[in-house]
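Take a look at the structure below.
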Amino acid sequence: MSISHAEAIVRAEEDSLSSPGETRDAGKLIDRVTAFIPLPAAADPIAWPSTDSAGTPLVLTPDNAARSDSPNAADEIWSAYIELWKAHHADPSQPELRTLFGLPADADVLITQRRGRVAPSELQWRPGSFRVWQTDHFEILSQADDVESRRVAESLEREYWVWTQVFFPIWAGRDQVALITNDWDRQSTAADAHLRSLASPARLKHGQRHRVVLLPDAERYRATVASAFRNTDSKAVAASTGFYSDTLRLSFFFPQQDLSSLHHEVCHQLFTEASANASRRRPTRGQVFATATTNDFWLIEGIAGYFESLRYEQSLAYVGGWESPRLQLARYQALIGGVPIESLEDLQGSRDDIQSKPDLARWYSQASLRTHFLMDSAGPAVRRELIKQLADLYSPPKKPAEVDPPDSTAEINPAEILRSLRVDDAHISLNPIKGDLATLCLAGCEVTGEGLSKQKPISGLTWCDLSRLPITDADVRQLVADTNRLDQLSLEATGVTNQVASLFRGATQLRELDLSYTAVDDSVVQSIPPSVSTLWLTGTQLTDASIDGLLKLPRLQTLDVQRTKMTDQGLQRFKRSRPECQMNPLNIPE
């Protein structure tokens, strides 16, 4: 059930977590954050349903939440803020709401640009070598082309407003909202009418703009960050695809199709610069921030990893959910690779402690996994504690006597996190994927063709793993809308047949294909794209008749044909013709 997190948070009761072996009531699945975005005045937003097919409310407010008393004042202000956005979503043409959010009359974002004159000294940019793009909340120093600069500007402004809804208690603008919504009787007065009743037009004012540096390409990005951060771990920074410096108060990016890195770093930036307790002064050189020394650095990176999942579907934004990019690898590692869920103790450490870990990628995956669980699956009470913990991390240091006791997030059972990864048909039916998706792993889950039938076709996939699911050719073709970006496809131990070959049309970038333990035979080889370099055909109906087709794959480097009908003579023939190709690397015992 997709709900607005900001409104769900007003629930005071704690959702009880299911015991091992029990299934959580599908009607109570809280899977993601839903937020509103700025719209042009002439927009035709998608409908916002009040209930799902079972009649369960999708948006929980103080009126329909399961409690008899009213929420506290802070929750009322948060809820009122969401009501303002909901009113804008319902009618983007209302002038009072457009004024409130600073939206132009004919667009969703006001963007201006000018020739750049003075850049931060760390950039060493000459006057006129860059352009300055401005929105209400960001200033972008760009050496990229105009198309990419405008795309980034629009994305940043959208992300800002989503961030304010998800993390409202931390946002510096919460006090303005409190003044604007004071004495608003939401039961009897519409949002626009309340705004008209105020003594002067309401406008949420911003302070200094958040600065972003946009380089033209990856090479210039690496050179710039390596030069600007000589005294830090410049090698690690230069290997990144985005970086936020809390000392310079600058984010660094270069144009990319996938904006997850931008979402990650700007999330760091907004917590640091747009929080209620953020200093408006530029940090002194060498200043050390509490976020670098805290033992809960996992949450600093985990919440940014969570925000990487930000995506849009027409007029709504979504964050989190079972389809979040960070969860796909975590799901594969846990359900297929048997990688254990790390405890909170294993994740804890300061920034320096963490960055010295030999397997940093796994740590990031586990930190993001835990944060996703706490935000999406553990219930409103735990989510409330998590946001309070974030507020404390981005507040001035407390005296020892003021330090709060350990929060409830420390007591999460890793087994609960593991169960949350095991997607089933109910997850897909109640929480279908929103927008395009680059990575999808359902291997080891409890999904059937019936569940996939509830999902609209997905565009933009680069990695798709449907291994071990009881699905057919038709199910796969219905799910995968296009294959032009597909890099890895695994259909191991599914019910696909030779008919799946029609899916390979247009898969010109497919590098790895796994059809192991399926009913395919020699004929499927003729349809395998020439781009494939790794091919798993273990346990299929292949015979020596497939060898000529396999030899025509020019990039093939790894091939597994164990437990097929291919003879030793056929294998030797292939090896003589392609001695550089690694054969049967798994060494499966007979």
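All values reported here derive from a predicted model rather than from experimental measurement.
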task = Decide if atom OH of Y160 counts as having more than 12 heavy atoms of other residues, nucleotides or ligands within a radius under 6.0 Å.
result =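 Yes - once you tally the heavy atoms of other residues, nucleotides and ligands closer than 6.0 Å, there are more than 12.
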Are any of the side-chain nitrogens in [X] or [Y] under 4.0 Å away from the carboxylate oxygens of its partner?
X: D424; Y: R419; value: no
X: E385; Y: K388; value: no
X: E323; Y: R32; value: yes

ask   = Can you check side chain to side chain donor-acceptor pair (under 3.5 Å) on S350 and D352, steps first, answer last?
value = CA-CA 5 Å; S350 67; D352 290 343; 5.4 Å; no
query = Considering all heavy atoms of both residues, which atom of L421 and which atom of A330 are nearest to each other, and what is their separation?
reply =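 Answer, listing the atom of L421 first, then A330: CD1-O, 4.0 Å.
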task = Check the pair Q269, H210 against side chain to side chain donor-acceptor pair (under 3.5 Å), reporting the backbone distance first and the verdict last.
result = CA-CA 8 Å; Q269 186 167 16; H210 310 292; 5.0 Å; no
Contacts of type side chain to side chain contact (heavy atoms under 4.5 Å, CB included), residue E345, not counting sequence neighbours =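 Counting only residues at least two positions away or on another chain, E345 forms a side chain to side chain contact (heavy atoms under 4.5 Å, CB included) with S343.
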task = Report yes or no: is the cationic atom of R326 (NZ for Lys, CZ for Arg) closer than 6.0 Å to the six-membered ring centre of Y306, at no more than 45° off its axis?
result =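 The answer is no; the distance or angle limit is not met.
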Measure the [atom1]-[atom2] distance between [X] and [Y] for me, rounded to the nearest 0.5 Å.
X: T371; Y: E301; atom1: OG1; atom2: CD; answer: 10.0 Å
X: L344; Y: I412; atom1: CG; atom2: CD1; answer: 9.5 Å
X: S368; Y: I303; atom1: OG; atom2: CD1; answer: 9.5 Å
X: F101; Y: L84; atom1: CZ; atom2: CG; answer: 5.0 Å

inquiry  = Applying side-chain hydrogen bond (donor to acceptor under 3.5 Å, both in side chains), can you list everything that pairs with Q124, at least two apart in sequence or on another chain?
reply    =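 For Q124, no residue satisfies side-chain hydrogen bond (donor to acceptor under 3.5 Å, both in side chains) once neighbours in sequence are set aside.
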